[in-house]
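Beneath this line is the structure, given in structure tokens, with notes to follow.
Here, residue 1 is the first one in the sequence, and each next residue gets the next number.
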Amino acid sequence: MRQHDTLFIGGEWVAPAGTGTIEVISPHTEEVVGRVPDSTAADVDRAVAAAREAFDHGPWPRMTFAERAEVIARLAAIYNERQSEMAQLITEEMGSPITFSNLAQAPQPLEMLNFYAELGRTFEQEEQRPGLFGPVTVRREPVGVVAAVVPWNVPQFVTMTKLAPALLAGCTVVLKPAPETPLDAYLLAEWVVEAGIPAGVLNIVPAGREVGEHLVSHPGVDKVAFTGSTAAGRRIASICGEQLKRVSLELGGKSAAIILDDADLASSMGFLSMASLMNNGQACVAQTRILASRNRYDEVVDAVAGMVASQQVGDPADPTTGIGPLVAKRQQERVEGYIRIGMDEGAKVVLGGLDRPQDRGWYVAPTVFSGVTNDMRIAREEIFGPVLAVIPYEDEADAVRIANDSDYGLAGTVWTADTEHGMDIARQVRTGTYGVNCYMLGANTPFGGFKASGIGRELGPEGLSGYLEYKSIARLG
């Protein structure tokens with residue numbers, strides 16, 4: 001049991017304003033593994049005030065980029081030494097298979113810290129440009145107090161897509177972790193203190209949706225950085241639009257993996273298993289629409305079913321587990337609801353279905369549907385679980401059309417023996433990230449979506465830009 005009775009505000013562990021608690025429940029055992037305070041609106045007010053004080057009067061925004069980079073590098077060094085601890089904690093609180101936690105849940109946040117620390121060492125706050133009557137100084141300044149609202153599926157990854165560039169920019173941050181996964185944020189707070197990041201630069205208030213909306217709409221917040229559902233993103237965008245508040249949104253996806261006729265299915269399935277089933281299917285970038293030509297449709301269906309069947313389902317702490325439980329009972333019920341919808345729509349269950357693979361824990365059977373058309377709900381709506389739909393296409397133009405026939409545009413892949421031809425396909429699909437015979441995200445390249453998958457970009461130098469205001473200063477002589 002990990003018991004936390006305080007909140008991290010203003011560089012101190014302080015008593016919450018209320019008496020409510022959030023219980024963290026293991027998706028595998030259904031037992032309580034941790035408790036944290038349930039933050040109230042008063043706690044948010046206190047956290048924003050601390051962040052406001054640190055931004056308006058503290059040293060952090062007044063340091064140079066290089067000075068902040070050195071502090072971020074210290075945090076990265078601590079993270080590097082203890083990333084295994086972080087990986088195990090995330091597996092415990094949300095059910096990510098330990099292999100995925102060791103591969104991505106902890107290492108990728110570390111990669112982001114390292115990237116922005118290195119970027120900051122040479123990043124110039126000001127540059128000179130010629131003006132009409134004399135030189136113009138273009139100055140980059142931090143946007144201010146940032147509200148970072150993050151989901152439960154990859155909590156540290158998403159936290160760091162916001163925190164790392166915000167820190168480098170000189171912003172201060174109020175972080176609201178999801179109520180399902182607050183424990184990793186507490187561990188991060190310990191490391192922030194150890195790294196010497198000044199008081200008030202990071203403040204943490206675990207809470208539910210109502211208190212989260214109070215944070216988003218708070219007049220002391222200058223920018224909101226949100227990752228989550230498209231429905232919640234629309235609500236946040238409306239609030240920020242009304243207040244003319246800066247906002248970045250990384251939202252849902254329904255990504256398509258196009259398998260061309262020349263693809264080697266055996267090798268493709270080896271990589272596609274991660275791209276489509278990562279984190280028990282609870283990933284916004286998951287390739288859950290598998291597009292196969294009618295010429296090889298049955299062959300691809302068999303290959304996909306074999307790939308999914310090869311994944312061991314069970315205890316996420318077991319290194320041999322490929323697919324663990326879903327994060328919560330409501331998520332289990334949601335995914336099973338979509339499996340029923342697929343059956344009702346006339347799709348064929350090739351593998352899986354509604355028989356649960358475990359008596360205890362929030363497990364669903366990894367499921368593959370064939371006979372899917374792109375107008376079915378299981379092809380259009382984000383399921384967020386290990387459910388794959390294999391959709392036939394007539395030719396490559398039809399494959400691109402189907403891939404683009406979506407409200408979303410976050411990710412996608414193409415699988416082919418001809419990588420240059422794969423690049424041609426990639427250029428035609430309207431998504432923010434894409435892979436040819438792979439799918440990966442790097443800290444040095446922008447991540448975000450087209451259409452209903454969001455607004456703005458995270459990661460890379462582009463991710464830093466979202467936390468900066470640009471000021472032009474012209475002068476004569």
Pick from Val308, Leu388, Leu277: which one makes a side chain to side chain contact (heavy atoms under 4.5 Å, CB included) with Pro366? Val308

Applying salt bridge (charged side-chain N to carboxylate O under 4.0 Å, His left out), run through Lys471 and Glu469 and close with a yes or a no. CA-CA 7 Å; Lys471 176 187 292 183; Glu469 293 281 21; over 6 Å; no

Does Asp405 have any side chain to side chain donor-acceptor pair (under 3.5 Å) partners at least two apart in sequence or in another chain, and if so, which? Asn374, Arg380

Run Ser465 and Arg457 through side chain to side chain donor-acceptor pair (under 3.5 Å) and show every step you take. CA-CA 9 Å; Ser465 294; Arg457 291 296 182 269; over 6 Å; no

With a 3.5 Å cut-off and no angle check, do the side chains of Thr137 and Arg475 form a donor-acceptor pair? yes

For residues 195-241, which residue pairs qualify under ring-ring contact (aromatic ring centres under 6.0 Å, His included), counting only residues two or more places apart or in two chains? His214-His218

Can the ring centres of Phe384 and Trp152 be said to be less than 6.0 Å apart? yes

Could you verify whether a donor N or O on one side chain and an acceptor N or O on the other, from Ser248 and Lys162, lie under 3.5 Å apart? no

Are Val24 and Arg2 close enough that some pair of their side-chain heavy atoms sits under 4.5 Å apart? no

Trace of the side chain to side chain donor-acceptor pair (under 3.5 Å) decision for Thr416 with Asp418: CA-CA 5 Å; Thr416 174; Asp418 185 344; 5.9 Å; no

Distance alone, cut at 3.5 Å: any donor-acceptor contact between the side chains of Ser276 and Tyr439? no

CH2-CG distance between Trp191 and Leu202, expressed to the nearest 0.5 angstrom: 13.0 Å

CD on Glu194 to CZ on Arg74, rounded to 0.5 Å: 10.5 Å

Looking at CG of Leu272 and CE of Met274, how far apart are the two atoms once the value is rounded to the nearest 0.5 Å? 11.5 Å

Apply salt bridge (charged side-chain N to carboxylate O under 4.0 Å, His left out) to residues Asp43 and Lys176 and explain how you reach the verdict. CA-CA 11 Å; Asp43 295 314; Lys176 193 203 82 65; over 6 Å; no

Do side-chain atoms of Arg62 reach the backbone of Gly58 as a donor and acceptor pair under 3.5 angstrom? yes

Salt bridge (charged side-chain N to carboxylate O under 4.0 Å, His left out) between Arg139 and Glu126: does it pass, once the steps are laid out? CA-CA 4 Å; Arg139 179 175 170 83; Glu126 296 183 353; 2.7 Å; yes

